[in-house]
A.B. asks: 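Please find one structure pasted underneath; my questions will follow.
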2 protein chains.
Amino acid sequence: MTTQLLPQAGQEERLEQPEAQDIRLDVVFAALSDPLRITIVKRLMGEGDDVFRSCTWVGIDRPKSTLTHHFRALREAGIIEQRRFGTERRSRVRVADLSARFPGLLELVAAAPLE
Amino acid sequence: MTTQLLPQAGQEERLEQPEAQDIRLDVVFAALSDPLRITIVKRLMGEGDDVFRSCTWVGIDRPKSTLTHHFRALREAGIIEQRRFGTERRSRVRVADLSARFPGLLELVAAAPLE
DNA sequence: AGAATAGTACTACCAAAGTCGTACTAAGGC
DNA sequence: GCCTTAGTACGACTTTGGTAGTACTATTCT
């Protein structure tokens with residue numbers, strides 16, 4: 001994290017997530033088996049791997065409680081990192097970790113015909 | 001199928017499966033989110049992509065009804081092909097189809113630390 | 001025909017999971 | 001302090017899915 005460019009000040013705590021070596025493929029598959037979550041990951045990835053975006057930025061038409069649930073699932077599976085920025089919870093895809101652990105996985109997701 | 005080497009005679013009908021272009025990534029992820037199914041696929045792949053193996057050959061310690069359920073899930077997701085050979089239902093992984101549609105996916109499965 | 005084996009349809013059970021609403025917390029602006 | 005917004009914990013509901021047993025089908029061999 002020491003070399004990471006953080007575009008906004010006021011960054012605070014990172015929400016709990018598994019270490020890279022603890023990320024499990026079956027759990028990742030389970031998290032990404034939901035089309036909505038693939039969409040979320042694709043949109044976040046489209047912004048680059050050092051950019052954090054809020055839950056509402058992703059633009060999914062679902063109640064906030066549902067979004068909370070999905071983002072949590074992605075975080076706990078190790079797919080995204082979430083940090084608190086004031087009132088927002090901003091996320092980014094853990095591209096480096098996932099590419100190291102599961103080479104090619106994110107390319108599959110990026111190519112998925114789901115918007 | 002015309003160039004496929006079939007090691008046994010008496011091959012009969014192929015069970016229903018999705019066409020290669022109809023295989024969906026989220027459905028594949030869902031099917032492979034079960035550790036037992038990853039194990040099944042790994043063992044089948046260890047035999048090569050033109051070799052059919054029966055459900056019991058795979059050597060999973062589960063009642064037959066549970067195996068039937070899992071194999072069906074893999075087939076309907078498009079991950080395996082199943083054919084009837086006498087009393088047996090033999091399966092092989094659809095390596096060519098999956099590699100074409102989702103490059104690298106089977107390598108992830110093969111490398112998964114699940115036995 | 002009977003026995004044995006492989007596998008399946010059906011059923012039941014329980015757990016997991018997606019969806020949503022509600023009441024609430026956390027933060028920021030006026 | 002009040003208002004607004006972002007997000008969460010909790011609960012309820014419905015659907016999905018893993019597991020297993022039972023009765024059965026399909027096939028093969030004697």
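By convention in this document, chain letters (A, B, ...) are assigned in the order of the sequence lines, proteins followed by strands, and residues within each chain are numbered from 1.
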A.B. asks: Please enumerate all residues that pass salt bridge (Lys or Arg N to Asp or Glu O under 4.0 Å) together with Arg94(A), with sequence neighbours excluded.
C.D. replies: Asp97(A)

A.B. asks: Test of understanding: with salt bridge (Lys or Arg N to Asp or Glu O under 4.0 Å), list the residues that count as partners of Glu107(A), not counting sequence neighbours.
C.D. replies: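 Result, salt bridge (Lys or Arg N to Asp or Glu O under 4.0 Å) vs Glu107(A): none returned.
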
A.B. asks: Could you state the CG-P distance from Leu32(B) to dG17(D), rounded to the nearest angstrom?
C.D. replies: 14 Å

A.B. asks: Please list, chain by chain and in numerical order, all residues satisfying side-chain contact (heavy atoms from CB on, under 4.5 Å) with Glu76(A), sequence neighbours excluded.
C.D. replies: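 side-chain contact (heavy atoms from CB on, under 4.5 Å) list for Glu76(A), sorted by chain: Arg72(A).
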
A.B. asks: Rounded off to whole Å, could you give me the CG-to-P distance for the Asp26(A) and dG17(D) pair?
C.D. replies: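 To the nearest whole Å, that distance equals 16 Å.
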
A.B. asks: Looking at residues at least two apart in the chain, or sitting in another chain, which of them share a salt bridge (Lys or Arg N to Asp or Glu O under 4.0 Å) with Arg101(A)?
C.D. replies: none

A.B. asks: Check whether Arg90(A) reaches the backbone of Arg83(A) with its side chain - one donor and one acceptor, N or O, closer than 3.5 Å.
C.D. replies: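 Not confirmed, Arg90(A) side chain does not pair with Arg83(A) backbone.
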
A.B. asks: In this structure, how many angstroms lie between the C1' atom of dA27(C) and the CZ atom of Arg84(A), rounded?
C.D. replies: 9 Å

A.B. asks: Counting primed atoms plus P, OP1 and OP2 as sugar-phosphate and everything else as base, spell out the protein contacts along nucleotides 1-18 of chain C at 4.0 Å heavy-atom distance: B, S or - for each nucleotide, 5' to 3'.
C.D. replies: -----BBBB--------S

A.B. asks: If the condition is side-chain contact (heavy atoms from CB on, under 4.5 Å), which residues does Ser65(A) pass it with, not counting sequence neighbours?
C.D. replies: Pro63(A)

A.B. asks: Go through the structure and list residues passing salt bridge (Lys or Arg N to Asp or Glu O under 4.0 Å) with Arg43(B), not counting sequence neighbours.
C.D. replies: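 Arg43(B) satisfies salt bridge (Lys or Arg N to Asp or Glu O under 4.0 Å) with Glu115(B) once adjacent residues are dropped.
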
A.B. asks: Run the side-chain contact (heavy atoms from CB on, under 4.5 Å) test against Ser99(B) and tell me which residues pass, sequence neighbours left out.
C.D. replies: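 If we apply the side-chain contact (heavy atoms from CB on, under 4.5 Å) test to Ser99(B), skipping adjacent residues, the hits are Val95(B), Leu106(B).
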
A.B. asks: Please report, rounded to the nearest Å, how far the P atom of dT19(D) is from the CG atom of Asp61(B).
C.D. replies: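 So the two atoms are 12 Å apart, to the nearest Å.
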
A.B. asks: Could you give the angle between the helix axes at the two ends of the helix from dA1(C)-dT30(D) to dC30(C)-dG1(D), with five pairs per end, rounded to 10 degrees?
C.D. replies: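 One end's axis against the other's: 20°.
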
A.B. asks: Can you check the Glu76(B) CD to dG18(D) P distance for me, whole Å?
C.D. replies: 12 Å

